[in-house]
Colleague: 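Handing you this structure, nothing more for now.
Each chain gets a letter, A, B and so on, in the order the sequences are listed, and its residues count up from 1.
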Amino acid sequence: MRLYNTLSHAKEDFAPAGPSAVKMYVCGITAYDLCHIGHARSAVVFDVLVRYLRYLGMPVTFVRNFTDVDDKIINRANREGVAPEALSAKYIEAFYEDMDRLGVLRADFEPRATEYIGEMVRLAEHLIAKGHAYATPGGDVYFRVRSFAGYGKLSGRDVEDMRSGARVAPGEEKEDPLDFALWKAAKPGEPTWESPWGPGRPGWHLECSAMSEKLLGLPVDIHGGGQDLIFPHHENEIAQSEAAADKGFARFWVHNGFVRINAEKMSKSLGNFVTIRDIYACFLPETLRFFLLSSHYRSPLDYSADALAEAEKGLRRIYFALAQIEETLAATKWSPSPLPKALAEEFASLRQGWRDSLDDDLNTAGALGQIFGLARLAGRVMDDKGLRKSEGGRELLTGVREALRECGGVLGVPAGEPAQFLDALRECRLNRQGVDKAKMESLLAERAAARAAKDFALSDTLRGDLEALGVEVKDTPAGQTWDVVA
RNA sequence: GGCGGCAUAGCCAAGUGGUAAGGCAGAGGUCUGCAAAACCUCCAUCCUCCGGUUCAAAUCCGGAUGCCGCCUCCA
């Protein structure tokens with residue numbers, strides 16, 4: 001497959017460097033609050049990347065870390081009067097709850113920064129020994145940015161241009177404003193670890209360098225994260241790791257775009273974020289997943305409740321098609337007519353299109369387009385009285401069902417059983433629209449009775465009443481069914 | 001100020017040189033006691049604007065305008 005590499009600003013053919021599994025490291029969350037949709041996007045994007053690489057037959061060793069020691073965690077813990085470890089543990093737990101429901105698979109390794117303090121200290125020592133870092137009298141350790149010639153290569157910055165932006169906070173003993181902390185001397189009220197420079201704690205960037213090397217070995221094949229990590233986080237990781245190891249840190253840098261709200265980046269600092277749980281209160285997790293995959297991962301994605309409602313409609317349609325396919329396939333008698341060649345070709349082309357889309361820099365939006373095409377193709381076959389019960393029709397419907405399942409395995413959409421999903425969706429919509437369930441039930445019962453008595457006038461009146469309630473009734477040979485007006 | 005990204009129908013969104021996928025909404029039709037669903041058909045001669053390269057550009061180059069992001073923590 002081809003993957004866009006931030007380092008080269010171009011799509012490149014991806015293959016692992018070595019004969020072993022693809023080595024993939026993605027920056028996870030700093031555990032100090034609930035995850036928002038932006039975190040969900042990043043998690044889903046890299047989840048799909050891992051799944052797709054495995055689908056292509058490449059084994060993947062996937063590492064996604066948790067930052068569990070950091071200014072934000074300490075500040076919040078102190079504010080709430082709890083231990084930092086307890087705070088981060090709580091939000092790691094929340095992360096799992098949210099992500100499990102989203103269908104994000106667990107990584108092979110999910111290291112926490114505090115479990116690798118020893119590796120970080122050793123890395124810092126090594127950098128000092130090589131002249132790439134220095135300890136200050138106060139017990140801090142800084143990376144000497146100007147000692148690393150490649151600094152700026154990921155983010156496209158020139159060290160000379162950065163001088164104006166860099167600054168030294170009061171009390172810092174940097175040689176150069178550009179230098180960044182590898183180790184921070186202990187301050188009162190902070191968790192600390194022993195080190196050659198006295199008690200302190202690691203700087204943020206160091207953990208990813210230490211854990212990548214320890215768990216995967218350098219260079220890793222793919223290093224990922226949100227676009228906001230490109231600078232300074234990933235730039236600094238490169239500097240640390242490459243200065244220490246004298247070899248490449250990561251071959252492919254993959255960054256997902258932001259989720260926006262009112263055309264602005266959704267972020268903690270702007271305070272304009274919507275948590276994953278906020279969404280779950282109104283929509284099914286799979287709807288969120290579908291929404292996140294409905295545009296290319298590097299493009300900005302505008303969040304709105306309307307956009308989510310539209311995603312819900314699309315997802316429902318796919319599940320509805322799947323439900324109808326299964327119902328049709330439950331038949332036992334099939335006429336011997338074969339599948340018309342044109343339809344067989346259309347099927348093959350859609351299926352190939354799905355694969356081609358994902359092959360091209362993980363174009364999930366394109367892939368979903370092919371999935372809709374498959375659903376429509378199946379619908380056409382089922383609507384054709386001759387084909388519907390023919391061997392050829394069965395062959396096609398079986399193929400579409402298989403393709404949709406395959407999609408579910410890679411994109412995580414559609415992941416469930418249609419009947420179950422449609423029921424869950426109905427329930428979800430009932431709650432969201434605040435439909436009076438008792439009233440609905442009684443109106444439905446009344447209408448069923450009216451229909452049994454062939455009192456169509458009353459039946460239609462009741463349909464109107466139900467519609468006013470937000471419920472749409474459909475009459476089928478098997479009786480009336482209902483759904484919530486979207 | 002430095003660096004980068006994006007501009008495709010009413011809305012969302014694919015498409016990086018060969019003549020505009022898909023979804024939502026909308027219109028007509030088949031079906032239906034009436035509806036709904038489903039299916040069929042239609043819905044951008046054109047891709048922000050202006051130049052240029054080419055037999056050929058939404059796709060490449062230059063410029064303009066608008067929006068966004070990074071440069072401080074941030075997925």
Colleague: Could you work out the separation of A38(B) and C74(B) based on their C1' atoms and round it to a whole Å?
Modeller: 46 Å
Colleague: Using a cut-off of 4.0 Å on non-hydrogen atoms, how would the nucleic acid contact of M266(A) be classed: base, sugar-phosphate, or nothing?
Modeller: base
Colleague: Does the cation-pi check pass for R463(A) over F456(A), that is, NZ or CZ under 6.0 Å from the six-membered ring centre and within 45° of its axis?
Modeller: no
Colleague: Please work out if K265(A) contacts a base, only the sugar-phosphate, or nothing of the nucleic acid, heavy-atom cut-off 4.0 Å.
Modeller: base
Colleague: Picking from C34(B), C70(B), G33(B), which would you name as closest to the side chain of F258(A)?
Modeller: C70(B)
Colleague: For atom CD of E327(A), decide whether the heavy atoms of other residues, nucleotides or ligands shown that lie under 6.0 angstrom number more than 12.
Modeller: no
Colleague: Check this for me: does any side-chain nitrogen of one of R157(A) and E235(A) sit under 4.0 Å from a carboxylate oxygen of the other?
Modeller: no
Colleague: Is it true that D383(A) and R380(A) make a salt bridge, defined as a side-chain N closer than 4.0 Å to a carboxylate O?
Modeller: no
Colleague: Heavy atoms from C-beta onward define the side chain here; which of A75(B), G33(B), A36(B) lies closest to that of E472(A)?
Modeller: A36(B)
Colleague: Rounded to the Å, how far apart are R426(A) CZ and A37(B) P?
Modeller: 16 Å
Colleague: Compare the minimum distances between each of A36(B), C73(B), A75(B) and the side chain of W204(A), then state the nucleotide with the smallest one.
Modeller: C73(B)
Colleague: Centres of the F66(A) and F95(A) rings: under 6.0 Å?
Modeller: yes
Colleague: Would you mind reading off the distance between F456(A) atom CZ and U32(B) atom C1', rounded to a whole angstrom?
Modeller: 11 Å
Colleague: Considering residues, nucleotides and ligands other than K268(A), do more than 12 of their heavy atoms fall under 6.0 Å from its NZ?
Modeller: yes
Colleague: C1' atom, G23(B) versus G17(B): distance in rounded Å?
Modeller: 28 Å
Colleague: Are E406(A) and R351(A) close enough for a salt bridge, meaning some N to O gap below 4.0 Å?
Modeller: yes
Colleague: Regarding I230(A), tell me which of base, sugar-phosphate or nothing describes its non-hydrogen contacts under 4.0 Å with the strands shown.
Modeller: nothing
Colleague: Identify whether any heavy atom of G373(A) sits under 4.0 Å from a base atom; if not, whether one sits that close to sugar-phosphate; answer base, sugar-phosphate or nothing.
Modeller: nothing
Colleague: Quick one: label V26(A) by what it contacts on the DNA or RNA (base, sugar-phosphate, nothing), any heavy atom closer than 4.0 Å.
Modeller: nothing
Colleague: Can you find an N or O donor on one side and an acceptor on the other, under 3.5 Å apart, linking the side chain of K72(A) with the base of C74(B)?
Modeller: no
Colleague: Only counting residues at least two apart or in another chain, list the ones meeting side-chain hydrogen bond (donor to acceptor under 3.5 Å, both in side chains) with R298(A).
Modeller: D361(A)
Colleague: Give a yes or no on whether a donor-acceptor pair under 3.5 Å exists between the nucleobase atoms of G4(B), that is its base, and the side chain of R157(A).
Modeller: no
Colleague: Taking only side-chain N and O atoms of K474(A), does any of them lie within less than 4.0 angstrom of OP1 or OP2 on U32(B)?
Modeller: no
Colleague: Using a strict threshold of under 4.0 Å (side-chain N to carboxylate O), is an ion pair present between D100(A) and R106(A)?
Modeller: yes
Colleague: Please report the distance, rounded to the nearest Å, between NZ in K313(A) and P in G22(B).
Modeller: 19 Å
Colleague: For the P atoms, the ones on C70(B) and on C55(B), what distance do you get once it is rounded to whole angstrom?
Modeller: 44 Å
Colleague: For A21(B) versus U41(B), give the span between their P atoms, rounded off to a whole number of Å.
Modeller: 14 Å
Colleague: Rounded to the nearest Å, what distance is computed from the NE2 atom of residue H9(A) to the C1' atom of nucleotide C6(B)?
Modeller: 16 Å
Colleague: Filter on ring-ring contact (aromatic ring centres under 6.0 Å, His included), then keep only pairs touching residues 347-389 of chain A, sequence neighbours left out; what's left?
Modeller: Y55(A)-W354(A)
Colleague: By nearest heavy atom, map R41(A) and F231(A) onto RNA chain B; which one lands nearer the 5' end?
Modeller: F231(A)
Colleague: Atom CD of Q480(A) and atom P of C34(B): how far apart are they, to the nearest Å?
Modeller: 18 Å
Colleague: With rounding to the closest Å, how many angstrom separate the P atoms on U8(B) and G4(B)?
Modeller: 23 Å
Colleague: Base, sugar-phosphate or nothing for Q227(A)? Non-hydrogen atoms, less than 4.0 Å.
Modeller: nothing
Colleague: For a quick check under 3.5 Å, do R41(A) and Y303(A) share a side-chain donor-acceptor pair by atom type?
Modeller: no
Colleague: In dot-bracket form, 5' to 3', how is RNA chain B paired? Count Watson-Crick and G-U wobble pairs only if both distances fall under 3.5 Å, and write | where the partner sits on another strand.
Modeller: ((((((((.[[[..)..(...]]].(((((.......))))).....[[[[[..)....]]]]])))))))....
Colleague: Give the rounded distance in Å between these two atoms: NZ of K454(A) and P of C34(B).
Modeller: 14 Å
Colleague: Taking OP1 and OP2 of A36(B), is either one under 4.0 Å from a side-chain nitrogen or oxygen of W482(A)?
Modeller: no
Colleague: Roughly how many Å apart are C49(B) and G66(B), using the C1' atom of each and rounding to a whole number?
Modeller: 11 Å
Colleague: Do you see a donor-acceptor pair shorter than 3.5 Å between the side chains of E237(A) and Y25(A)?
Modeller: no
Colleague: Quick one: the side chain of D228(A) and the base of G69(B), do they pair up donor-acceptor inside 3.5 Å?
Modeller: no
Colleague: Expressed in angstrom and rounded to an integer, what is the separation of E264(A) atom CD from C74(B) atom P?
Modeller: 19 Å
Colleague: What is the per-nucleotide protein-contact pattern of nucleotides 8-16 of chain B, from the 5' end, where B denotes a base atom under 4.0 Å from a protein heavy atom, S denotes such proximity for sugar-phosphate atoms only, and - denotes neither?
Modeller: -----SSSS
Colleague: Which part of the nucleic acid, if any, lies within contact of V473(A), taking any heavy atom under 4.0 Å across all strands shown: a base, the sugar-phosphate backbone alone, or nothing?
Modeller: base
Colleague: Are the ring of F372(A) and the six-membered base ring of G23(B) within the stacking cut-offs of under 5.5 Å and under 30°?
Modeller: no
Colleague: Hey, does G353(A) reach any base, or is it just sugar-phosphate, or nothing, if we go heavy atoms under 4.0 Å?
Modeller: nothing
Colleague: Can you check whether D483(A) reaches R316(A) side chain to side chain, under 4.5 Å on heavy atoms?
Modeller: yes
Colleague: With the threshold set at 4.0 Å, does a side-chain nitrogen-carboxylate oxygen contact exist between D475(A) and R447(A)?
Modeller: yes
Colleague: Which part of the nucleic acid, if any, lies within contact of R388(A), taking any heavy atom under 4.0 Å across all strands shown: a base, the sugar-phosphate backbone alone, or nothing?
Modeller: nothing
Colleague: Using the P atom as the point on both nucleotides, what is the distance between G28(B) and C61(B), in whole Å?
Modeller: 46 Å
Colleague: Give me the distances for all protein-to-nucleotides 38-41 of chain B N/O pairs that come in under 3.5 Å?
Modeller:
residue : atom : partner : partner atom : Å
C39(B)  : O2'  : D383(A) : OD2          : 3.2
C40(B)  : OP1  : R380(A) : NE           : 2.9

Colleague: Taking G18(B) as the reference, what is the distance to A56(B) when you measure between their C1' atoms (whole Å, please)?
Modeller: 6 Å
Colleague: Classify T481(A) by what it touches in the nucleic acid, base, sugar-phosphate, or nothing, heavy-atom distance under 4.0 Å.
Modeller: nothing
Colleague: Please name all residues satisfying side-chain hydrogen bond (donor to acceptor under 3.5 Å, both in side chains) with D356(A), sequence neighbours left out, ordered by chain then number.
Modeller: Q352(A)
Colleague: Can you tell me how far P of A37(B) sits from CG of L422(A), to the nearest Å?
Modeller: 15 Å
Colleague: Closest nucleotide of RNA chain B for G369(A) versus for S267(A): which of these residues is on the 5' side?
Modeller: G369(A)
